[in-house]
Structure formats: C-alpha cells, structure tokens
2 protein chains.
Amino acid sequence: MRRNISESTVRRLSFYLRILEKVEAVGIDTLSSEKLAQRTGTTAAQVRKDLSLFGSFGKRGLGYAIPQLASELREILGLDRTWRVALVGGGRIGSALFEYSGFRKRGFEIVAVLDADSSKVGQRWGKVVLSDIADLEKVLTAESVDIVILTIPAESVPDVLDRVVAVGVRGILNYAPVQLRVPGDVTVKDVNMVLELEALSFALSQTKGE
Amino acid sequence: MRRNISESTVRRLSFYLRILEKVEAVGIDTLSSEKLAQRTGTTAAQVRKDLSLFGSFGKRGLGYAIPQLASELREILGLDRTWRVALVGGGRIGSALFEYSGFRKRGFEIVAVLDADSSKVGQRWGKVVLSDIADLEKVLTAESVDIVILTIPAESVPDVLDRVVAVGVRGILNYAPVQLRVPGDVTVKDVNMVLELEALSFALSQTKGE
DNA sequence: AGGTGTGAACACTTTCACAGCA
DNA sequence: TGCTGTGAAAGTGTTCACACCT
C-alpha cells in the first residue's frame, strides 16, 4: 500500500497477527486496540496508528473483528502465500534452523540446502538432498528460491552474496557477522547473536554504576 | 556514562569496535570518522555523534587513534571483562549456540547448560555438565551467572523466566517466540528468526507490486 | 589543509486528545 | 457509551554545517 512503513511497525504487525491467531483459537471474535496493545506490549494509540497505515479495519465502539483483521495482516505481511527458502550453509546453525518447525508453520519452506563441504553434499535431510554450493545458481533457479538464509563463515560471504544476488534473489536473512552491501532492490535482515549479547553487556554495565 | 543511549547507537558502537580490531591487525594506527563510517555502513557525522556521547576520543585533523578508541569502546560496551552465561535449553538451537565460538571470543563464557529432559542431564558438553532445570536457582547462583540465554519452548518461558529473574539475573537473551514481561532493571534482547523472515516477506511483497 | 565536536535543522516515530461513528 | 481513526504535539534520532584545533 503506502510508502515508508517503519521496521518497528512491521515487527508490531507480526506481533498483532500472532496474538490474533492465539486469541482466535480460544473463540473470541472481537478485540479492542487496548487489549491488543496489552498483549503485545505497546499502546492502544500505537496499534491504531499502525493499522491505519493500511486501512480502516475496526468498528467504532466495538474493536476489530479477529478473523478479518488476521486475514488483512497476513495479506499485508505477505504471509498469504508460501515462500521458497534456500539454506546456504549446512553447519550447526544451518541444521538447527532446518529442524526448526516455526518456519514452515508461517509458510517458509526450506526447499534447498547448500554446503561447500563435499562430504555433506548428497546427504538427505528430510525431503531435501544437500547440494554443492558450486551449483548455487543452478539450484536457486531450479527451485525458484525467493529467500536465502546465509549461515556460512564470514569470509565466504562476499563471493556467495554476489552470486545469490546475481541470480535474482531479493530477500536475504544473514547469520554471518558481516555487514552486507547489496543493491537497493535487495532486502537483508541480519541476525547477530554476538551483537545482541554486546547490547546486553552494555546495558548491564551502565546500570551497574548507578 | 550519560543519559539514554539509543539501541542503534549501541549497535553501531559494536560495529565500530569490530572494524577497529580488524584494521588494527593490519597495522594501521589512525582512522577518520569518514573511513570508519564507510566500513560500517553509516555516515561520518553519525560516527562522530555516537562517539561524542561518551567523550572526545579523536584528534582534529588526524582522526581517531585505533588502539585507544578500541579500548574506550570495549570499556563503554562492558567488553573489558568476562560475562558468565548460562544456556537454558539444550535442544538444537541451544547446542548450536554452545558450539559457536564467536561468544567466547568476545568474553561471553557459557558456564552452565540446563535442560528439562532428564536423559540429557549429566551429559558432558566440553567442560560443562548439563544440569536439571529443576536446579536452576542453585546452578545460576553457584556459577555466578550474569546472563541467561533462553532456548526453551514458548510454553515453558513464563515459569523459567520468573525463576531466572528472582535469582537476580539482569540480562536475558531470548530465543523463544514470546513477548517477555520483566522488571525494569532487567534487560531482555529478543532473537526471533521467524520475525525477521516475516519482515523480509513484507519487504518482498511491497516492492513486488510496483 | 584536514578532520573533530557540536548546536541547530530536519526527519521520523510515538503519544495525545478528540471528533465522529456504531 | 465505547472505541476507532487521525490531525497535532511531543519526543527521538539523524544530518548539516561550521567553528575550532593540530
């Protein structure tokens, strides 16, 4: 719909959807911005502002109809479809992610796993057979991959990243501790566990001396 | 030091430190805000603003002396010490994190692993013997744990979280897909892989229709 | 000249407050 | 009455531009 939706808004939309699905299962069919805010740790005004960026989904005096709003949110977030995901890097983090069932539940299907280690290539993980990272272009194209998850060592990233982008993938989830530089039409999200720990370290150090 | 430092500033400080250490290894001893900005994907003004929140570390006409600035940043971020970390949850994600060497390099030492599965309790992972989560209070106290990493299922979180906070831990890195409510003196950082994928899904869906 | 440190301008996000509809 | 949708106000973070030091 509109332009410039902030990262924080998108994150909150995900939270809203999660709560709606939880509440829907219990059989409640309407929810106020106040209730939704409480359950997601934000404010009622924020909820209404976020939703109003995309349309008018509520009823005054009543609140939001849960199934309708959930369906709107799914559409807004692009979760009304399946996304084909390739895991590049079959190491420990890669395999932990592969086993994690939360992805599939949300429509992210891991359709390929690639690794540089020739002893791993050919292994079968569930329905997926590991491919050689040398065949990256071939595999990503053949499997119509939308999103790539990078769990390779930092030093391999620049080369692999270029190839992934060149083949037309426009969404990348990066677990490597490096800053990626990509064209403007490619979106990168970083997950960096050390960075989060450092932020904790900072917070703990600050409050310490007060 | 000072008031309200933003999350983004802290994240950038971590990036700066990383680059400084990389560049120091190459033998360069001075760096301008412009160069530092380029390598961390921000602007020179931003670098100077961030650093100026904590002091005047640069020399006009010259730039920043690398070893000094690195050492200042380590102190600011609380990385001039070792942090004792407990891993609560010894499943796939937990074990992947345990094996990840990046934590130790930055001074985060995993001194305890706890799990609810009695068949895992007593297993030895490197130097650490897995404890029963029933003994959480005892273990966290005995090991003087500063930071807890939660990699347990969402449904176990509320109970475990209460106990972790009650025993005095003030830093939590949460991998469970739930919103944690904690007292004000406790800092929580969430790592949520599905949330990041949903943000990618949103971004890809937006640009699609243009 | 070269590059920092910083107030002031700007941009973006959140909160407030209330008109208006069910 | 109850609760949404939204302009306006407040609050935060980023960028600009320049005085000032080496």
Side-chain angles (χ1 to χ4, degrees), chain A residues 1-16 19-20 23 28-70 72-73 76 179 199 202-203 206, chain B residues 1-16 19-20 23 28-70 72-73 76 179 199 202-203 206:
Chain A
M1 266 103 176
R2 195 121 314 88
R3 198 37 342 91
N4 279 9
I5 304 299
S6 74
E7 302 236 330
S8 357
T9 293
V10 176
R11 198 174 56 244
R12 286 191 300 264
L13 294 179
S14 290
F15 286 141
Y16 303 155
I19 295 300
L20 290 176
V23 167
I28 305 174
D29 62 333
T30 237
L31 209 56
S32 68
S33 58
E34 182 57 47
K35 291 265 169 55
L36 198 43
Q38 273 171 29
R39 311 247 339 212
T40 51
T42 182
T43 65
Q46 184 74 78
V47 170
R48 297 201 299 276
K49 198 39 103 161
D50 285 339
L51 296 177
S52 78
L53 294 170
F54 298 93
S56 295
F57 307 125
K59 289 207 183 0
R60 294 169 195 236
L62 253 161
Y64 299 89
I66 291 178
Q68 284 85 325
L69 183 57
E72 292 284 356
L73 285 177
I76 290 166
Q179 198 73 348
F202 174 79
Q206 292 310 95
Chain B
M1 264 113 173
R2 204 82 330 94
R3 75 255 122 209
N4 283 12
I5 304 298
S6 75
E7 301 236 330
S8 358
T9 293
V10 176
R11 199 174 56 245
R12 286 190 301 263
L13 294 180
S14 290
F15 286 142
Y16 302 156
I19 294 300
L20 290 176
V23 167
I28 304 173
D29 62 333
T30 238
L31 209 56
S32 68
S33 59
E34 182 57 47
K35 291 266 169 55
L36 199 43
Q38 274 171 28
R39 312 244 342 207
T40 52
T42 182
T43 65
Q46 185 73 78
V47 170
R48 297 201 299 275
K49 196 47 115 187
D50 286 338
L51 296 177
S52 78
L53 294 170
F54 298 93
S56 296
F57 307 125
K59 288 205 184 358
R60 294 171 194 233
L62 253 161
Y64 298 89
I66 292 178
Q68 283 86 324
L69 183 57
E72 291 285 356
L73 285 177
I76 290 166
Q179 198 72 348
F202 173 79
Q206 292 308 94

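Letters A, B, ... mirror the listed sequences (proteins, then strands); counts begin at 1. If you're wondering where the values come from, they're calculated on a predicted model, not measured in any experiment.
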Contact summary for [X] and [Y], nearest pair of heavy atoms:
| X | Y | answer |
| --- | --- | --- |
| A:L51 | A:Y16 | CD2-CD1, 4.3 Å |
| B:R12 | B:D50 | NE-OD2, 2.6 Å |
| B:A37 | B:T43 | CB-C, 3.3 Å |

Value in whole Å for how far the [atom2] atom of [N] lies from [atom1] of [X]:
| X | N | atom1 | atom2 | answer |
| --- | --- | --- | --- | --- |
| B:N4 | D:dA10 | CG | P | 19 Å |
| A:I5 | C:dT14 | CD1 | P | 12 Å |
| A:F57 | C:dA22 | CZ | P | 17 Å |
| A:K35 | D:dC3 | NZ | P | 7 Å |
| B:R48 | C:dT4 | CZ | P | 6 Å |
| A:R12 | C:dT15 | CZ | C1' | 12 Å |
| A:L31 | D:dC3 | CG | P | 11 Å |
| B:D50 | C:dT6 | CG | C1' | 13 Å |

Exercise. With DNA chain D as reference, determine whether B:R60 or B:T9 sits nearer its 5' end, using the nearest nucleotide of each.
Key: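 Checking each residue's closest nucleotide, the 5'-ward one belongs to B:T9.
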Out of [options], which has the shortest distance to the side chain of [X]?
| X | options | value |
| --- | --- | --- |
| B:S52 | C:dT15, C:dG5, C:dG3 | C:dG5 |
| A:S56 | D:dG5, C:dC16, D:dT4 | D:dG5 |
| A:Y64 | D:dG5, D:dG13, C:dC12 | D:dG5 |

Practice problem: Please determine which of A:L69, A:L62, A:I66 meets the side-chain contact (heavy atoms from CB on, under 4.5 Å) test together with A:L31. | Solution: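 Only one option passes, and that is A:I66.
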For [N], take OP1 and OP2 only and decide whether either is under 4.0 Å from a side-chain N or O of [X].
| X | N | result |
| --- | --- | --- |
| A:S8 | C:dT13 | no |
| A:Q46 | C:dT15 | yes |
| A:S33 | D:dC3 | no |

Quiz item: Taking everything shown except B:E7 itself, do over 12 heavy atoms lie less than 6.0 Å from its CD?
Solution: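 Check fails, neighbour count at 12 or below.
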Self-check item: Under-3.5 Å donor-acceptor pair between B:K59 side chain and C:dG2 base
Solution: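 No such pair is found, so the answer is no.
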Practice problem: For B:K49 and for A:S6, locate the closest nucleotide of DNA chain C by heavy-atom distance; then report the residue assigned to the nucleotide nearer the 5' terminus. | Solution: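 The residue mapped nearer the 5' terminus is B:K49.
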